[in-house]
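Questions regarding the structure given below will be posed in turn.
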Amino acid sequence: MSQQVKTRVEQLRKEITQHNKNYYIHDNPTIPDAEYDRLMRELQALEKEFPGLQTPDSPTLRVGAQPLKEFGQVQHKIPMLSLDNIFDDAGVEDFDRKIREGLGRDKIKYVAEPKLDGLSVSIRYENGIFVEGATRGDGSKGERITENIRTINTVPLKLEGENIPDVVEVRGEVVIRKDDFEKLNQTRLEAGENLFANPRNAAAGSLRQLDSRITATRPLTFFPFGLGDISEEVSGSHWEILQQINAWGFSVSSEAKQVTGAEELKQYCAQMIERRNGLDYEIDGVVYKLDDVYAREELGMTSRAPRWAIAHKLPAQEELTTVESIEASVGRTGVITPVANLKPVNIGGVTVSRATLHNQSEVDRKDVREGDTVIVRRAGDVIPEVVSVVKEKRLPDSEHWKLPQQCPVCGYPAERVEGEAALKCTGGIHCAAQKIGTIIHFVSRNAMDIDGLGDKLVEQLAEQNMISIASDLYDLTAEQIAGMERMGEKSAANTIAAIEKSKDSTLPRFIYALGIPQVGQQTAKQLAQHFTSLESLQTATEEQLLEVDDVGPIVAKAIMKFFADELNQQNIQRLITSGIRWSVIEKADENLSHLFTGKTVVLTGTLSSMGRSECKEKLEALGAKVSGSVSKKTDFVVYGESAGSKLTKAQDLGIRCIDEDELLGLINE
């Protein structure tokens, strides 16, 4: 092994660590994802070739290790004690009075911090290197979750800067941010998996995975709030300690603040209540800590909690109430969602009378019934949801609830799409609940791409009975649109111009814009390429449709049913009469031969050098079929930054996975 190799590995490790910090701590990436991936692949390759060069702080270790059989136990050298609670201003004043009297001072300086709703952990470093992670447990002993903590990108594997003790435990809270939680649950919903009840449960469940590779796929964030065992003092001020922790490479909550006296503590709490819903993480209170670390020893602690700190609990975001009824609500896309009508309850200052139950699988999993007493949760702008049922209070004659087999709005049959948890109305434009949704889909960017016709304008036009189906759009005038809210003459003229411009389209776009059930962008392209004309597609038999690569029996029947509908045919004829047109499509070259020809490819993650649409077009031009889901029939998975469960599934199935750089090289072969 040459010195040149050692130097390069050290350089790569340092570069990648800095890029991780820029991305996860400072939210300011300085290189494209593709370049980051290239650096990571180079480091992985060198460490694989020279295993002796891999160090405990290598960023390549964040992907997770082999599953454990069980967690070991960790004895906390300094207990991780819980805090006593207060609930109002009187409690704040009493806490401040006791501190002042205990120390014989007139004014006390505190550090106020948000009380994050996650899982408390202690992270141990020796000689600046991460060596162990543990849960709080019962305060004296916790579970060893070292490999899981290692996967969290906001936890440095090596401390940086100065004043690093030989031994130091950084303690804090592991959470999942609100946006990340919504994305995580949406992914699980689409995959037919059980949803997490709230971010805290998701974070706790992720940290308690025996397989750290699963933890690595979860969007966990660590916020430090103090120190545990330490070989030498850092500072006598808690505020200064937080700044030092920041300097070591962590990210302390920006909401932490140094305050003086009870009045400023109360002001801080009032501000956090006001800003609570706007924070990007869940909090269930604020914590007040005496800033003077040395004075804490004078005050001491009770058998279970320190006297120098206290938690001020905020108004609850969860409450008990009763399910008065459950109804099936039909959304714009035809998805039928069970909704609980609740006995009105005040949650965090807002009266809640309805809560989503997501889908039938969630109703069954939680076993929610009419008349049940339930825990309802509201967090920020998120739709309230039923968290769980208090089964001890269940009525003896309660019955299981099931979604109807017919749409409650139009009466058309409701069907569950294969591979999806959602139940959908099959009424299409016959269903009043879907009319607006079908038009919004028609004008969307990947369909007819009519700029200026946003959701709100479409809703207004529908409410004014100016449009009821997509073809009505081409009868609109600038004078009609100018009368809409926030729409002047110039904006109206621009919108009409955009409608006119959309008449120059393509057959794949038009087929997709029609909103045929089961027909997405990829299938629309396959249909257009195979039949080359709308007329041929409209009259195609099931046997002819099944000749298309992306079409199976279910899709074929959906297409035939759509074109057999009289209202759909009227809409299509009016659209063509209005002037919508496209270039003639030439049949694909059957003699094309390339690595991707006839292969099924799945894209996942963010592609930096080209968008998803461009990548799909390039692959399709080479004869590939680009699919949205991974199965045993998948030949390649192309992955970019933040690739998730699709990549994991592909790896488990042994499917060839290629990154963006390798893809570009293969395309150009």
Side-chain angles (χ1 to χ4, degrees), residues 1-24 31 33-72 74 123-134 144-160 164 166-167 206-207 209-218 220 222 248-249 605 637 639-644 647-663 665:
M1 186 193 315
S2 68
Q3 182 59 43
Q4 186 178 4
V5 172
K6 292 181 180 179
T7 302
R8 180 56 180 161
V9 167
E10 291 172 3
Q11 181 185 6
L12 285 168
R13 193 175 296 135
K14 186 176 180 180
E15 267 190 72
I16 293 170
T17 298
Q18 183 59 47
H19 289 312
N20 279 337
K21 184 178 179 182
N22 293 342
Y23 187 93
Y24 294 103
I31 61 171
D33 293 343
E35 175 63 15
Y36 175 89
D37 292 340
R38 188 191 65 75
L39 294 174
M40 181 64 84
R41 286 196 306 274
E42 184 182 353
L43 179 59
Q44 288 172 328
L46 288 173
E47 288 183 345
K48 185 176 181 179
E49 186 176 356
F50 305 104
L53 290 180
Q54 189 177 62
T55 59
D57 63 319
S58 175
T60 60
L61 295 176
R62 290 197 185 274
V63 296
Q66 290 297 314
L68 302 172
K69 291 183 178 179
E70 61 180 11
F71 292 122
V74 173
I123 304 174
R124 186 177 180 87
Y125 293 83
E126 294 179 2
N127 299 314
I129 303 296
F130 166 71
V131 295
E132 185 177 74
R144 182 178 288 107
I145 54 169
T146 305
E147 295 308 320
N148 291 346
I149 292 292
R150 194 188 301 277
T151 69
I152 303 174
N153 284 294
T154 47
V155 173
L157 301 180
K158 181 179 181 180
L159 301 182
E160 57 187 53
I164 302 173
D166 292 340
V167 174
S206 299
L207 278 180
Q209 294 287 333
L210 289 170
D211 187 347
S212 61
R213 293 172 299 184
I214 296 176
T215 308
T217 67
R218 304 281 171 80
L220 300 172
F222 175 73
W248 287 336
V637 167
Y639 65 91
E641 178 69 21
S642 302
L647 177 59
T648 303
K649 184 176 180 179
Q651 291 169 335
D652 291 341
L653 291 173
I655 294 167
R656 181 175 174 183
C657 300
I658 58 179
D659 60 26
E660 194 170 358
D661 287 346
E662 187 176 356
L663 171 67

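Just so you know, these numbers use all the heavy atoms, side chains as well, and skip hydrogens, waters and symmetry mates.
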* Determine, for Arg13 against Glu47, whether the closest basic-nitrogen to carboxylate-oxygen distance falls under 4.0 angstrom. => yes
* Structure fact -> CD of Glu35 to CG of Asp661, rounded to nearest 0.5 Å, is 8.0 Å
* Asked: Which heavy atom of Asp57 sits nearest a heavy atom of Lys158, and at what distance?
  -> OD2-CD, 3.3 Å
* Non-hydrogen side-chain atoms of Val74 and Glu132 separated by less than 4.5 Å -> yes
* **Inter-residue atom distance Leu39.CG - Leu12.CG, 0.5 Å rounding** => 6.0 Å
* To do: Over all heavy atoms of both residues, which pair between Cys657 and Gln651 is shortest? Give the atoms and the distance, please.
  => SG-CG, 4.1 Å
* Asked: Quick one: does Glu147's side chain get under 4.5 Å of Thr215's, heavy atoms only?
  -> no
* To do: Determine whether Ile16 and Leu43 make a side-chain contact, defined as any pair of heavy atoms from C-beta on separated by less than 4.5 Å.
  => yes
* To do: Would you confirm whether Arg62, through its side chain, and Ile152, through its main-chain N or O, come within 3.5 Å as a donor-acceptor pair?
  => yes
* **Heavy-atom closest contact (Ile149 atom, Gly133 atom, distance)** => CG1-CA, 4.1 Å
* Salt-bridge present (Glu42, Arg38; N to O < 4.0 Å) -> yes
* Asked: What distance separates Thr55 OG1 from Leu157 CG, expressed to the nearest 0.5 Å?
  -> 8.5 Å
* Asked: Would you say Tyr125 and Ile164 make side-chain contact, with heavy atoms under 4.5 Å?
  -> no
* Calculate, to the nearest 0.5 Å, the distance between atoms CD1 and CG belonging to Ile145 and Leu210 respectively. => 11.5 Å
* To do: Could you check if a side-chain atom of Thr648 sits within less than 4.5 angstrom of a side-chain atom of Arg213, using non-hydrogen atoms only?
  => no
* To do: Keeping the roles fixed (side chain from Arg150, backbone from Pro56), state whether a donor-acceptor pair exists under 3.5 Å.
  => yes
* Asked: Which atom pair, heavy atoms only, marks the closest approach of Arg8 to Leu46?
  -> CG-CD1, 4.0 Å
* To do: Indicate yes or no: at least one non-hydrogen side-chain atom of Val9 is less than 4.5 angstrom from one of Phe50.
  => no
* For Asn148 against Thr151, the heavy-atom pair lying closest together -> O-OG1, 2.7 Å
* Side-chain contact test, heavy atoms from C-beta onward, threshold under 4.5 Å: evaluate it for Thr146 versus Val131 and give yes or no. => no
* Asked: With a 4.5 Å limit on heavy-atom distance, are the side chains of Met40 and Thr60 in contact?
  -> yes
* To do: Could you tell me whether the side chains of Gln44 and Arg41 share a donor-acceptor contact shorter than 3.5 Å?
  => no
